[in-house]
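For reference, positions follow the sequence shown, starting with 1.
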Amino acid sequence: MNKNLFSEFTKKGFVKIKLDKKYISAYKNLKRNIRKDFPKNFKKNKFENLHHAVNFEEINSVRMKIIRSINVQKDLKKNIYLSAKSFLDQLIGADIIVQKNVNLAIQMPNDTSRPLFHKDTPLSSKYEVVLWIPLVDCSKSMCMTMIDKKYHDEANKLFDDLGHNSENKFQKFSKLKGSNFPVKFGEALIFSTDNFHYIPINETNKTRWSLNLRFKNLFTPYGERNLLDYFEILKTSPITNLLTN
């Protein structure tokens, strides 16, 4: 793994990585299974064209059904971890826990229903990272806008002053200070839960599909999401195994 990626993550709080090619087939299989399980939603036979078969009123119901279906698939979390293992192991250590359920986000063109400018703490621990994995090629407004750590004081002040009440100002701030870059299928964005991020309205003619999954070290502080309720143990180090057996 390129050392510059860790320097970039430490400096900014986020970085784009390439997933291990050996596990891209797992994501392709996942997409095949979704298409097979929900055939009526793929009239145009492309994930990017979902909006031709599903309207705004139906999308959340469809999304929740797909989430339930993918989370019973064997080894999904394990394969996601393995696809980013070389980065995650060095980033958070050998004792790793993972979010119990993989989340799926689907953002159709011009759908205004989405999380606005925010960061995931304090509900989440500052010691968590989010792995964001697009299932389609994403560019322009299909991508999240990440706020570099050097702008966090400004972002915190803006958020404290405005709360969630000024979408236009958050949008302007994100355009001026944020980083918005393409993330293709086979790549992923990994970011600290303490980083502000903004999801713009998808102004393209394609539907965005993405997975997200949280990881943290077993022995780091927790937020309101604890081990038993929200996480499960993914792997432990030899010294942990020695002392717990």
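Taking all atoms of both residues into account, the shortest heavy-atom contact from Ile96 to Phe215 is CG2-CD2, 4.0 Å. What you find for Asn217 and Ile92 is that their closest heavy atoms are ND2-O, 2.6 Å. Taking each heavy atom of Met142 and Thr207 in turn, the nearest pair found is CE-O, 3.9 Å. Looking at every heavy atom in both residues, Lys149 comes nearest to Thr10 through NZ-O, 2.8 Å. Across all non-hydrogen atoms, the minimal contact from Glu154 to Phe173 is CB-CE1, 3.9 Å. In terms of heavy atoms, Asn195 sits closest to His197 at O-ND1, 2.9 Å.
Residues Ile199 and Ile201 do not share a hydrophobic cluster, clusters being chains of Ile/Leu/Val/Met/Phe/Trp/Tyr side chains in contact below 4.5 Å. Note on Leu82 and Phe87: same hydrophobic cluster, where clusters join Ile, Leu, Val, Met, Phe, Trp and Tyr whose side-chain heavy atoms are under 4.5 Å apart, directly or indirectly. With hydrophobic clusters built from ILVMFWY side chains whose heavy atoms lie under 4.5 angstrom apart, Val130 does not share a cluster with Tyr127. Hydrophobic clustering (ILVMFWY, side-chain heavy atoms < 4.5 Å, transitive): Phe181 and Phe191 are in one cluster. At a threshold of 4.5 Å between side-chain heavy atoms, the hydrophobic network of Ile, Leu, Val, Met, Phe, Trp and Tyr places Ile133 and Val183 in two separate groups.
Atom CD1 of residue Ile17 and atom CG of residue Leu131 lie 5.5 Å apart, to the nearest 0.5 angstrom. Between Leu213 atom CG and Leu234 atom CG the span is 9.0 Å, to the nearest 0.5 Å. The CG atom of Leu227 sits 5.5 Å away from atom CD1 of Ile233, with the distance rounded to the nearest 0.5 Å. Put simply, NZ on Lys175 and CG on Asn180 are 10.0 Å apart, with the number rounded to the nearest 0.5 Å. In this structure, CG in Asn33 is found 10.0 Å from CG in Leu76, a value given to the nearest 0.5 Å. Separating the OG1 atom in Thr193 from the NE2 atom in His118 is a distance of 10.5 Å, to the nearest 0.5 Å.
Between the Lys216 side chain and the Pro221 main chain, a donor and an acceptor come within less than 3.5 Å of each other. Asn241 places no side-chain N or O within donor-acceptor distance of the main-chain N or O of Asn245, the cut-off being under 3.5 Å. Between the Asp194 side chain and the Lys119 main chain, no donor and acceptor come within less than 3.5 Å of each other. Not a single donor-acceptor pair under 3.5 Å links the side chain of Arg208 to the backbone N or O of Cys143. For the pair Asn103 (side chain) and Asn212 (backbone), a donor-acceptor distance under 3.5 Å is absent. Side-chain atoms of Ser83 never come within 3.5 Å of backbone atoms of Leu19 as a donor-acceptor pair (strictly under, hydrogens ignored). Although no hydrogens or angles enter the test, the distance criterion places a donor-acceptor pair under 3.5 Å between the side chain of Lys31 and the main chain of Leu135. Side-chain atoms of Arg114 come within 3.5 Å of backbone N or O of Thr112 as a donor-acceptor pair.
Between Phe159 and the choices Tyr198, Tyr151, Phe196, the ring pair (Phe, Tyr, Trp, His ring centres under 6.0 Å) rule is met once, by Phe196.
Other residues, nucleotides and ligands contribute over 12 non-hydrogen atoms within 6.0 Å of the CZ atom of Phe38. Counting non-hydrogen atoms of neighbouring residues, nucleotides and ligands closer than 6.0 angstrom, the NZ atom of Lys169 reaches no more than 12 such neighbours. Residue-environment remark: NZ (Lys16) exceeds the threshold of 12 foreign heavy atoms within 6.0 Å. Counted within 6.0 Å of NZ on Lys78, heavy atoms from surrounding residues, nucleotides or ligands total 12 or fewer; the atom is thus considered open.
Counting only heavy atoms from C-beta outward, the side chains of Asn29 and Asn79 never approach each other to under 4.5 Å. Taking 4.5 Å as the limit, every side-chain heavy atom of Lys177 sits out of range of all side-chain heavy atoms of Asp148. Residues Ile80 and Val98 are not in side-chain contact: their nearest non-hydrogen atoms beyond the backbone lie 4.5 Å or more apart. When side chains are defined from C-beta on, Ser86 does not count as touching Asp20, because their heavy atoms never get closer than 4.5 Å. In this structure, Ser237 and Phe219 have side chains that are not in contact, with every pair of non-hydrogen atoms separated by 4.5 Å or more. In this structure, the side chains of Tyr222 and Tyr230 stay at 4.5 Å or more apart for every pair of heavy atoms. Ile190 is listed as a side-chain neighbour of Val15, based on a closest heavy-atom distance under 4.5 Å. Two residues are said to be in side-chain contact when any heavy atoms from C-beta on lie closer than 4.5 Å; Val129 and Leu88 meet this criterion.
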Exercise for the section: Apply the test side chain to side chain contact (heavy atoms under 4.5 Å, CB included) to residues Phe14 and Met144: give CA-CA distance (whole Å), side-chain angles for both, the deciding distance (0.1 Å), then the verdict. Expected result: CA-CA 12 Å; Phe14 61 88; Met144 282 197 295; over 6 Å; no

Practice task
Begin with the C-alpha distance, continue with both residues' side-chain angles, and end with the deciding distance and a verdict on side chain to side chain contact (heavy atoms under 4.5 Å, CB included) for Leu30 and Leu211.
Solution key: CA-CA 11 Å; Leu30 175 67; Leu211 305 175; 3.8 Å; yes

Problem - Worked check of side chain to side chain contact (heavy atoms under 4.5 Å, CB included) between Ile34 and Asn41 - result: CA-CA 10 Å; Ile34 293 173; Asn41 299 134; over 6 Å; no

Exercise for the section: Could you go through the side chain to side chain contact (heavy atoms under 4.5 Å, CB included) check for Phe185 and Val136 one step at a time? Expected result: CA-CA 5 Å; Phe185 178 69; Val136 298; 5.9 Å; no

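No hydrogens or angles considered: a donor-acceptor pair under 3.5 Å links the side chains of Lys235 and Tyr81. There is a side-chain donor-acceptor pair under 3.5 Å between Ser124 and Arg214. A donor atom on one side chain and an acceptor atom on the other are found under 3.5 Å apart for Thr240 and Asp95.
In this structure, the ring of Phe42 has its center less than 6.0 angstrom from the ring center of Phe47.
A salt bridge links Lys77 with Glu232; the closest basic N to acidic carboxylate O contact falls under 4.0 Å. The pair Asp137-Lys184 does not count as a salt bridge, with every side-chain nitrogen at least 4.0 angstrom from each carboxylate oxygen.
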